[in-house]
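Let me begin by presenting the structure, written as structure tokens, before commenting on it.
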Amino acid sequence: MVKLMAGILAWFWNERFWLPHNVTWADLKNTEEATFPQAEDLYVACPLAFCIFMIRLLFERFIGRPCASGLKIQANGPQKAQPNAILEKVFTAITKHPDEKRLEGLSKQLDWDVRTIQRWFRQRRNQEKPSTLARFCESMWRFTFYLYIFTYGVRFLKKSPWLWNTKECWYNYPYQPLTVDIHYYYLLELSFYLSLLFSQFTDIRRKDFPIMFLHHVATISLIVFSYVNNMARVGTLVMCLHDAADVLIEAAKMANYAKCQILCNLLFAMFAILFISSRLGVYPVWILNTTLFESWEIVGPFPSWWVFNLLLILLQLLHSFWSYLIVKTACRAISKGKVSHCLAFISGYSATNDSCPSSC
């Protein structure tokens, strides 16, 4: 068994996959003169993720809730369905959306009319949705984190040569020393997305659970992948670029929950412009250009280079798909005069429960 595990690890960490030709893991061991990324550096991200999750709970309780109270956001959730053991058993064990045949059978069994049973299932489904207060606190936490990490990224990247000349991402690769700023940036981003991954299993289950789970897994994989093979410089550019739009969408959702239509509209418009311009303009021209062409010219391709670029290209396809959906949904919402329906689409909630009023 030990030999089998050793063989699997040796296969997984094969130098000819991860590193350029004629480079070995021994070449990237830490020395007194330089520190390089090590896979074991990321082990600390798991306990840090738990700490971030606990900080989130404290933030939502002692900062988010008082702010929501000041904005008169109530904790009242949807109307609860009246207790019924038979319907509850069907709801939890069989289906949350009974068909006509099952509705008729339940109607005979309970001596209720079909419309009443349909109303019970609708109310019971609504019970599983988080309240506006919970959604506001969650968005405020994410807004605070994204604002902090984006500000930190901009402050440290503006002093980095690869922000102004992306070829610096590849000069002397992979013998680029790991700085304290990059190490902190990577650990914080990785820990945050791990905490989001964990919290999906403790938060109220939402209809976009599989999509968001895959999104978090893909994000974590890209962060780990770029750190292990020391593509951290270009990785910092990718992370900072993506955090920018996340700040605005969380702010727009907060304005939506606080029932400020004008601010909600303005922030969503800013988000849509920034998202589309950064993901369809800056990302391919700035990021993909350097990972595909500049790196080919300076370093040359190797197996993990192909995988890394494939993941980035898949990310670009997702950007295109999401941009299309944002534009489509925004046009539909603008024609109806309800930008909050766009926010419902983005956040994964039902639009009928996220509507903004006509004025602040």
Side-chain angles (χ1 to χ4, degrees), residues 12 18 30 35-64 134-135 137-157 160 176-204 206 208-251 253 287 308 311-312 315 318 347-348:
F12 182 80
W18 289 97
N30 293 334
T35 301
F36 299 103
Q38 307 293 320
E40 53 267 25
D41 295 345
L42 302 179
Y43 294 164
V44 73
C46 288
L48 279 178
F50 177 75
C51 291
I52 289 177
F53 178 69
M54 297 307 295
I55 292 171
R56 170 197 163 181
L57 297 180
L58 294 173
F59 180 93
E60 292 182 357
R61 174 67 180 84
F62 295 105
I63 298 178
R135 285 179 281 176
C137 291
E138 179 185 29
S139 287
M140 188 174 182
W141 160 249
R142 295 192 183 196
F143 168 80
T144 303
F145 178 85
Y146 287 135
L147 181 62
Y148 167 75
I149 200 66
F150 174 68
T151 303
Y152 175 85
V154 169
R155 288 186 62 184
F156 115 77
L157 280 173
S160 304
Q176 298 165 342
L178 178 69
T179 65
V180 174
D181 285 330
I182 293 178
H183 185 237
Y184 175 77
Y185 196 25
Y186 259 80
L187 276 182
L188 203 56
E189 288 273 14
L190 178 59
S191 301
F192 178 72
Y193 280 102
L194 282 173
S195 73
L196 292 183
L197 189 68
F198 299 153
S199 64
Q200 278 201 291
F201 296 95
T202 58
D203 291 344
I204 295 173
R206 294 169 180 166
D208 64 343
F209 176 88
I211 296 174
M212 293 310 299
F213 181 82
L214 290 175
H215 172 268
H216 296 332
V217 169
T219 303
I220 291 166
S221 300
L222 272 170
I223 292 174
V224 172
F225 194 93
S226 61
Y227 186 87
V228 169
N229 67 358
N230 203 15
M231 293 183 179
R233 290 186 177 184
V234 72
T236 58
L237 300 180
V238 174
M239 291 189 295
C240 190
L241 181 66
H242 283 75
D243 288 336
D246 291 334
V247 174
L248 289 175
I249 189 57
E250 296 302 337
K253 285 156 67 175
I287 301 296
F308 184 63
L311 291 173
L312 292 177
L315 192 58
L318 287 175
S347 61

### Task
Indicate yes or no for a side-chain donor-acceptor contact from Asn30 to the backbone of Phe36 under 3.5 Å, with no hydrogens or angles considered.
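Yes, because the side chain of Asn30 sits within donor-acceptor range (under 3.5 Å) of the backbone of Phe36.
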
Could you measure the distance from the [atom1] atom of [X] to the [atom2] atom of [Y]? Nearest 0.5 Å is fine.
X: Ile149; Y: Leu188; atom1: CD1; atom2: CG; answer: 4.0 Å
X: Phe53; Y: Leu48; atom1: CZ; atom2: CG; answer: 15.0 Å
X: Asp243; Y: Leu248; atom1: CG; atom2: CG; answer: 11.5 Å
X: Met231; Y: Leu237; atom1: CE; atom2: CG; answer: 13.5 Å
X: Thr151; Y: Leu147; atom1: OG1; atom2: CG; answer: 4.5 Å

### Query
Can you find a pair of side-chain heavy atoms, one from Arg135 and one from Lys253, that are under 4.5 Å apart?
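Arg135 does not reach Lys253 side chain to side chain.
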
### Query
How about Thr179 and Ile182: do any of their side-chain heavy atoms sit closer than 4.5 Å?
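Result yes, sub-4.5 Å side-chain heavy-atom pair found.
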
Partners of [X] by side chain to side chain contact (heavy atoms under 4.5 Å, CB included), sequence neighbours excluded?
X: Tyr227; answer: Pro37, Asp41, Leu42, Leu178, His183, Tyr186
X: Ile63; answer: Phe59, Cys67, Met140
X: Val154; answer: Phe150, Cys240
X: Ala39; answer: Trp13, Val228

Going by side-chain hydrogen bond (donor to acceptor under 3.5 Å, both in side chains), name the residues that satisfy it together with [X], two or more places apart in sequence or in a different chain.
X: Asp246; result: none
X: Ser139; result: Glu250
X: His242; result: His319
X: Ser195; result: none

### Query
Taking the inter-plane angle between the rings of Phe192 and Tyr146 on a 0 to 90° scale, is it parallel (under 30°), tilted (30 to 60°) or perpendicular (over 60°)?
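It falls in the perpendicular class, over 60°.
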
List in chain and number order the residues that pass ring-ring contact (aromatic ring centres under 6.0 Å, His included) with [X], two or more places apart in sequence or in another chain; answer none if no residue qualifies.
X: Phe50; value: none
X: Phe225; value: Trp18
X: Phe143; value: none

